[in-house]
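Chain identifiers are assigned alphabetically (A, B, ...) following the order of the sequence lines, protein sequences preceding nucleic acid strands; residue numbering begins at 1 within each chain.
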Protein chains: 2
Amino acid sequence: MSSIRQIISIGELARRADCKPETVRYYERIGLLRDALRTEGGQRRYGEDAVRRLTFIRHARDFGFSVEAVRELLAMSDQPDMPCQEVDAIARHHLEKVESHLQRLSALRDELQRMITQCAGGKVENCRIIEVISDHQLCISENAHGGSRLAQGVPSVD
Amino acid sequence: MSSIRQIISIGELARRADCKPETVRYYERIGLLRDALRTEGGQRRYGEDAVRRLTFIRHARDFGFSVEAVRELLAMSDQPDMPCQEVDAIARHHLEKVESHLQRLSALRDELQRMITQCAGGKVENCRIIEVISDHQLCISENAHGGSRLAQGVPSVD
DNA sequence: CTAAACCTTGTAGCAACTACAGCTTCAAGT
DNA sequence: ACTTGAAGCTGTAGTTGCTACAAGGTTTAG
């Protein structure tokens with residue numbers, strides 16, 4: 001817990017947390033990671049604590065937490081004495097979003113599957129996919145989970 | 001099908017396709033919508049064809065298709081004689097992405113639910129949420145669906 | 001005819017990175 | 001000890017898909 005040796009380069013750190021050095025520098029710049037110790041030549045050196053912190057950040061980001069949410073989570077975990085109500089609140093809020101995304105995504109999956117089975121190698125003229133997108137019924141299920149503007153909030157899956 | 005009267009203003013068009021005038025102008029600029037006819041004073045005027053096209057674009061975007069994918073779909077639907085193999089391919093490719101996102105998101109939902117039930121108002125020190133994020137097992141399921149770099153591709157749910 | 005509501009262009013901003021360019025430093029081999 | 005090549009440095013600009021101004025011009029309803 002206390003024997004932190006700063007021996008890891010930024011590239012090694014990035015590799016261990018499955019991201020890129022640029023991302024590490026970016027996180028430092030925006031204050032998610034503390035300023036690293038430097039070698040005489042000015043290169044960053046990290047310890048295991050940084051690996052843990054960065055891994056936490058990457059996991060939280062992968063989970064879909066925004067950078068600001070991650071910042072809050074980190075601030076909280078930096079003060080282990082505070083009650084975790086807030087952490088709970090963030091998680092609950094997040095769960096709601098995740099569940100509505102899940103609904104929309106699974107509706108989309110069903111449509112795509114329907115598209116693919118129905119588009120049996122004809123011409124575009126008769127292609128159900130274009131049709132399904134044009135007047136898709138998903139709008140109904142979109143409105144079913146709250147009615148407000150969520151059109152922009154869908155995961156991009158290019 | 002052929003009686004197109006250019007009577008709709010950009011605001012009206014945007015309202016009908018559930019987006020904003022800025023978005024319409026943006027789509028025009030990047031070439032998803034054709035240049036609109038103008039009034040003497042220089043304002044854009046549209047017909048029902050534009051409503052359909054824009055609605056298609058918005059739906060496709062809501063479905064999670066990238067702008068480039070939408071561009072391809074539009075190009076295809078503009079040539080109804082071509083075989084729809086390509087449309088099919090795009091949809092299949094898309095389906096894969098959607099399914100992996102679904103897996104990740106539902107794993108996340110389970111974790112969040114677990115977090116919330118286990119974080120029963122204690123202190124951050126004992127908070128399972130931080131812990132779960134720190135060394136979550138989702139990494140395993142991440143690797144299960146292909147093993148390649150998908151970490152960046154997760155929906156943001158802030 | 002006037003005033004509100006709408007439209008115009010152009011530019012800048014947002015998140016969350018990512019990618020350069022042009023240079024310096026480090027580590028490993030000889 | 002010296003060289004070489006990979007990796008690191010800073011700073012800036014690009015990415016995607018919009019969104020938000022500012023500073024004016026046009027339309028339309030009363």
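When the salt bridge (charged side-chain N to carboxylate O under 4.0 Å, His left out) test is applied to A:R25, no partner is found at least two apart in sequence or on another chain. In this view, B:E40 satisfies the side-chain hydrogen bond (donor to acceptor under 3.5 Å, both in side chains) rule with no residue, not counting sequence neighbours. Listed by chain and number, the residues in a side-chain hydrogen bond (donor to acceptor under 3.5 Å, both in side chains) with A:Q113 are B:E99 (sequence neighbours excluded). Shown here are the salt bridge (charged side-chain N to carboxylate O under 4.0 Å, His left out) partners of B:R109, two or more places apart in sequence or in another chain: there are none. Every residue two or more places apart in sequence or in another chain was checked for a salt bridge (charged side-chain N to carboxylate O under 4.0 Å, His left out) with B:E22, and none qualifies.
The distance from atom CD1 of A:I30 to atom P of C:dT18 is 12 Å, rounded to the nearest whole Å. The CD atom of B:E28 sits 18 Å away from the P atom of D:dG17 (whole-angstrom rounding). If you take CG of A:L37 and P of D:dC9, they are 13 Å apart, rounded to a whole angstrom. The interatomic distance linking A:R29 (CZ) with D:dT10 (P) rounds to 10 Å, in whole Å. Here C:dC17 presents its C1' atom at 14 Å from CD1 of A:I57, a figure rounded to the nearest Å. Distance OH (B:Y46) to C1' (C:dC6): 14 Å, rounded to an integer number of Å. Here D:dC18 presents its C1' atom at 12 Å from CG of B:L32, a figure rounded to the nearest Å. Nucleotide C:dC6 holds its P atom 16 Å from the CD1 atom of B:I8, rounded to whole Å.
For B:Y27 and D:dC18, the shortest distance from a side-chain N or O to OP1 or OP2 is below 4.0 Å. Within the structure, a side-chain polar atom (N or O) of B:T23 is placed less than 4.0 Å from OP1 or OP2 of D:dT19. A sub-4.0 Å separation between OP1 or OP2 of C:dC17 and a side-chain N or O of A:R61 is present.
A:R71 places a side-chain N or O within 3.5 Å of a backbone atom of A:I30 that can act as its donor or acceptor partner.
Taking only side-chain atoms of B:Y26, from C-beta outward, the nucleotide of C:dT18, D:dC18, D:dT27 with the closest atom is D:dC18.
Between A:E22 and A:T39, the residue anchored nearer the 5' end of DNA chain C, judged by the nucleotide with its closest heavy atom, is A:E22.
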Using a 4.0 Å cut-off on protein heavy atoms (strictly under), produce a 5'-to-3' string for nucleotides 1-8 of chain D with B for base contact, S for backbone-only sugar-phosphate contact, and - for none. -------S
